[in-house]
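The structure displayed is predicted, hence computed values, not measured ones. The chains referred to below are lettered A, B, ... by the order of the sequence lines, with proteins before strands, and numbering in each begins at 1.
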Number of protein chains: 2
Amino acid sequence: MARPRAAARTVDHPELSEVSLQQILEALVDPVRRGVVSQLAGSGEDKSCGTFDAPVSASTLTHHFNVLREAGVIRQYYVGTTKMNALRADEMEGRFPGLLSSVLAASAAEGEGAAT
Amino acid sequence: MARPRAAARTVDHPELSEVSLQQILEALVDPVRRGVVSQLAGSGEDKSCGTFDAPVSASTLTHHFNVLREAGVIRQYYVGTTKMNALRADEMEGRFPGLLSSVLAASAAEGEGAAT
DNA sequence: ACCATCGTACGACCGCCATCGAACATCCCG
DNA sequence: CGGGATGTTCGATGGCGGTCGTACGATGGT
């Protein structure tokens with residue numbers, strides 16, 4: 001029957017031009033979220049929600065992903081039942097040059113969870 | 001009698017090596033504080049507490065200065081009855097390269113209060 | 001068809017932080 | 001020695017955000 005299927009669950013993302021510095025800083029100020037971003041940057045690949053190392057419950061982690069997505073820091077998309085996360089590094093760089101990269105470098109320099 | 005006088009009121013500051021990224025981000029995430037830092041960077045000179053443009057009461061502003069000082073972002077010293085504020089930009093740059101400057105650039109790009 | 005997996009939605013809770021006003025301290029200037 | 005200016009301290013308050021558990025929804029495999 002090849003049902004249209006609504007193209008699986010979709011997620012929408014803000015244009016980077018629409019997010020404020022305030023939003024981005026608020027997103028990056030939380031240690032858990034910064035850990036997520038570090039792990040994402042460190043792995044170099046998209047990661048599913050379940051593969052992150054974080055000291056919080058799953059529902060809390062969902063909340064953090066939402067904040068990061070709404071701040072334009074990550075992009076999310078479904079692959080079957082799992083949800084993938086990608087860093088919008090290039091776009092961030094275009095919007096606020098050096099911001100994300102310096103925070104990531106600082107995180108790494110302090111040895112925040114960027115492992116594997 | 002030339003009393004020792006405790007060398008006027010003194011203020012102590014953390015070594016930049018002792019402040020965490022978390023502290024600095026928390027300091028910079030508040031719009032009022034970011035406004036202060038922007039104005040300080042924009043003026044190019046040290047400014048006394050009273051010369052800042054901020055939408056809060058004086059006592060609240062004192063609080064913000066304390067947070068900035070304890071995060072190592074500014075250095076404060078008394079000159080008579082006024083308290084001066086200086087940006088510790090070079091030291092910040094040494095501790096977390098690019099961080100402060102990218103935030104300042106981002107602020108300026110958004111047109112946050114960097115006037116005069 | 002069923003079940004296990006993966007993530008979400010919802011409501012509740014709690015602690016922290018920005019904020020304020022009022023009283024106080026310190027200093028300079030006549 | 002006042003008096004005015006500049007900040008600070010203190011306690012109270014209010015709101016927002018991070019956290020959790022539980023119940024639910026969607027998907028893919030067997």
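- Put simply, the side chain of A/Cys49 does not reach to within 4.5 Å of the side chain of A/Thr82, judged on heavy atoms.
- What separates CD of B/Gln76 from C1' of D/dT6 is a distance of 13 Å, to the nearest Å.
- Applying the ring pair (Phe, Tyr, Trp, His ring centres under 6.0 Å) test to every pair with at least one member in residues 16-53 of chain B, sequence neighbours left out, gives these pairs: B/Phe52-B/Phe65.
- The stretch residues 48-57 of chain B touches DNA chain C through B/Val56, B/Ser57, each having a heavy atom under 4.0 angstrom from the strand.
- Contacts between residues 64-75 of chain A and DNA chain C, counted as heavy-atom distances below 4.0 Å, involve no residue at all.
- Within residues 82-89 of chain A, the residues having any heavy atom closer than 4.0 Å to DNA chain C are, in order of number, A/Thr82, A/Lys83.
- Screening residues 93-106 of chain A for side-chain hydrogen bond (donor to acceptor under 3.5 Å, both in side chains), with sequence neighbours left out, gives A/Ser102-B/Ser102.
- Note: B/Glu18 CD to B/Gln23 CD = 9.5 Å, rounded to the nearest 0.5 Å.
- Between atom NE2 of residue A/His13 and atom CZ of residue A/Arg75 there is a gap of 5.5 Å, rounded to the nearest 0.5 Å.
- For the atom pair CG of A/Leu104 and CG of A/Leu28, the computed distance is 8.0 Å after rounding to the nearest 0.5 Å.
- For A/Leu28 and D/dG17, the CG to P distance is 15 Å, given to the nearest whole Å.
- Between atom CD1 of residue A/Ile74 and atom NZ of residue A/Lys47 there is a gap of 12.5 Å, rounded to the nearest 0.5 Å.
- Straight-line distance from the CG atom of B/Leu61 to the P atom of D/dA5: 19 Å, rounded to whole Å.
- A/Ala54 pairs by the side-chain contact (heavy atoms from CB on, under 4.5 Å) definition with A/Val32, A/Val56, A/Leu61, not counting sequence neighbours.
- Put simply, OH on B/Tyr77 is 17 Å from P on D/dT6, counting in whole angstrom units.
- Considering only residues two or more places apart in sequence or on other chains, A/Val67 meets the side-chain contact (heavy atoms from CB on, under 4.5 Å) condition with A/Ala27, A/Arg33, A/His63.
- Remark: A/Met92 CE to A/Asp90 CG distance equals 11.0 Å, nearest 0.5 Å.
- With sequence neighbours excluded, the residues that form a side-chain contact (heavy atoms from CB on, under 4.5 Å) with B/Ala89 are B/Leu87, B/Leu100.
- One finds a side-chain N or O of A/Thr62 lying less than 4.0 angstrom from the OP1 or OP2 phosphate oxygen of C/dT8.
- Here the side chains of A/Gln22 and B/Val29 are in contact, with some heavy-atom distance below 4.5 Å.
- Atoms NZ and OG, on A/Lys83 and A/Ser48 in that order, are 11.5 Å from each other to the nearest 0.5 Å.
- Residues satisfying the side-chain contact (heavy atoms from CB on, under 4.5 Å) criterion with A/Glu45, sequence neighbours excluded, are A/Ser43.
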Inset, instruction - Take B/Thr60 and B/Ser57 through the test side chain to side chain donor-acceptor pair (under 3.5 Å) and record every step on the way to the result. - result: CA-CA 5 Å; B/Thr60 298; B/Ser57 71; 3.1 Å; yes
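- If you find the closest nucleotide of DNA chain D to B/Ser59 and to A/Gly80, the one lying nearer the 5' end belongs to B/Ser59.
- Taking side-chain N and O atoms only, A/Thr60 has a distance below 4.0 Å to OP1 or OP2 of D/dC20.
- Between A/Gln22 atom CD and D/dC16 atom C1' there is a gap of 13 Å when expressed in whole angstrom units.
- Other residues sharing the hydrophobic cluster of B/Val79, ordered by chain and number and joined by side-chain separations under 4.5 Å: B/Tyr77, B/Met84.
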Between protein and nucleic acid, restricted to nucleotides 11-14 of chain D and to nitrogen or oxygen atoms under 3.5 Å apart, what atom pairs and distances do you find?
none

Contact list (N/O, under 3.5 angstrom) for nucleotides 11-17 of chain C vs protein:
none

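- Between B/Tyr78 atom OH and D/dG7 atom C1' the separation is 6 Å, expressed in whole Å.
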